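The structure appears right after this line, and notes come after that.
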Amino acid sequence: MIVVMESGATAEQIEHMAEAVRRLGLRASVIEGTERTVIAAIGEKRADMMESLASGPGVAAVMPIAAPYKLASREVRPDPSCVRVGEFAAGAGAVGVIAGPCSVESEEQIMSAARAVKAAGATALRGGAFKPRTSPYSFQGMKEEGLKLMAAAREETGLAVVTEVMGTDDVELVARYADVLQVGARNMQNYRLLEAVGGAGRPVLLKRGPSATMDEFLLAAEYILNEGNDQLMLCERGIRTFEGHTRFTLPLASISYLHRKTHLPVVIDPSHGTGHTYMVPDLAYAAIAAGADGLMVEVHPSPETALSDGYQSLDFAGFEAMMARCRRVAEAVDQELVGSTVPAS
Ligand code: PEP
Ligand code: MN
């Protein structure tokens, strides 16, 4: 349930009510909105609890939270949340672009990609060092060596580093180098991993499982939020359907739906979502027009020689052209493409 405080409630009254919630054996999460503060009371509720809290000082109302996900719900936090890392921002009017290769392959590859995506206006660098591959015989990533190269690319460019963590054993290692921990589609319901990244002290990008429903997606997000980490982005990367003309089917309706149900920023991945380089820009424009808070795009210096996902990667010129148009689309829908000022060359 949520305890909605009156708009003029004092800090003492808010703390008093948070303590009252805790005394009932519930977790209290204080969320300051633009209009008023609410306290989310998470845990098993009993019928008498609502009445006893409703009579507290400075309380406007006590209401049940209808959604099965509590902390992710917009009922609890009506204002959109924003994830910020360095110059990267996504949510609450800011559109952040995360770009880079599918996998880190070499120093030269990641450095040149970092420079190119930065120059085109991206504010975060993607690159997998631990790669979830369908076949055990495919390239599995450079592991810690790849993480070191990503950190070096951040050093030079200032881009925030976004990289996947595949298992609980690797969370500490990846968190040492990364700015944002990515939980991949295949791991969306790996609950131990969700708890571990929730407690790792880094922002998280959670990708939707290819066969997960929206409720399952939001309940997976809830695991991360429940560890006290509210720096969380949701990434729609396409789902599996009967359709074969795209690698996955990318439902852009997820943007509107998620914005209605949750305050969390929504990032669209048109690379995995389509599986074809030529489709990526169109879906990126459509995503921004539909209100996406961010994009995650695969960019490679030489897509035809990439060790993974070259067929859906943009080259540098393609990315630059896409960004120029994304900027115009963002402007048209009153969104701000963060880092959109391209340095003069
Ligand atoms: C990725 O972003 O590199 C990736 C593996 O994506 P997904 O988990 O969405 O398949
Ligand atoms: Mn990929």
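In this text, all values refer to a predicted model and were calculated from it rather than measured experimentally. Note that ligands are numbered from 1 as they come in the structure, with each ligand's atoms numbered from 1 the same way. Residue numbers count from 1 along this sequence.
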Taking only residues two or more places apart in sequence, or in another chain, which ones meet Asp179 in a salt bridge (Lys or Arg N to Asp or Glu O under 4.0 Å)?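 Applying salt bridge (Lys or Arg N to Asp or Glu O under 4.0 Å) to Asp179 gives Arg154.
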
Less than 4.5 Å apart, any side-chain heavy atom of His276 and any of His245?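 Counting from C-beta outward, His276 and His245 never come under 4.5 Å.
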
Could you check whether [X] pairs with [Y] (Lys NZ or Arg NE/NH1/NH2 to Asp/Glu carboxylate O, under 4.0 Å)?
X: Lys70; Y: Glu75; result: no
X: Arg126; Y: Glu298; result: yes
X: Asp309; Y: Arg247; result: yes
X: Asp230; Y: Arg77; result: yes

Within ligand 1, which atoms have a heavy atom of [X] less than 4.0 Å away?
X: Glu164; result: 5 (C)
X: Gln182; result: 1 (C), 2 (O)
X: Gly184; result: 8 (O)

With Arg237 as the cation and Phe248 as the aromatic partner, state whether NZ or CZ is under 6.0 Å from the six-membered ring centre and within 45° of the axis.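 Here Arg237 passes the 6.0 Å and 45° test against Phe248.
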
Among protein heavy atoms, which sits nearest to atom 8 (O) of ligand 1, and what does the distance come to when rounded to 0.1 Å?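 Sorting protein heavy atoms by distance from atom 8 (O) of ligand 1 puts Ala185 N, 2.8 Å first.
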
Considering only protein heavy atoms, which is closest to atom 6 (O) of ligand 1, and at what distance to one decimal place?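 Answer, as residue, atom name and distance: Lys207 NZ, 2.9 Å.
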
Which is closest to atom 10 (O) of ligand 1 by heavy-atom distance: Arg237, His272, Lys131?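 That would be Arg237.
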
Minimal non-hydrogen separation, Met49 against Glu44, with atom names: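 Where Met49 meets Glu44 most closely, the heavy atoms are CE-O, 3.8 Å.
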
Which atoms form the tightest heavy-atom contact between Ser254 and Glu236, and what is the distance?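 Ser254 and Glu236 have their closest heavy atoms at OG-OE1, 2.6 Å.
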
Is the closest N or O pair between Arg186 and ligand 1 shorter than 3.5 Å?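 Min N/O separation from ligand 1 is below 3.5 Å for Arg186.
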
Listing by chain and number, what protein N/O/S atoms are under 2.8 Å from the Mn ion (ligand 2)?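 Checking every protein N, O and S atom gives Cys102 SG, His272 NE2, Glu298 OE2, Asp309 OD2.
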
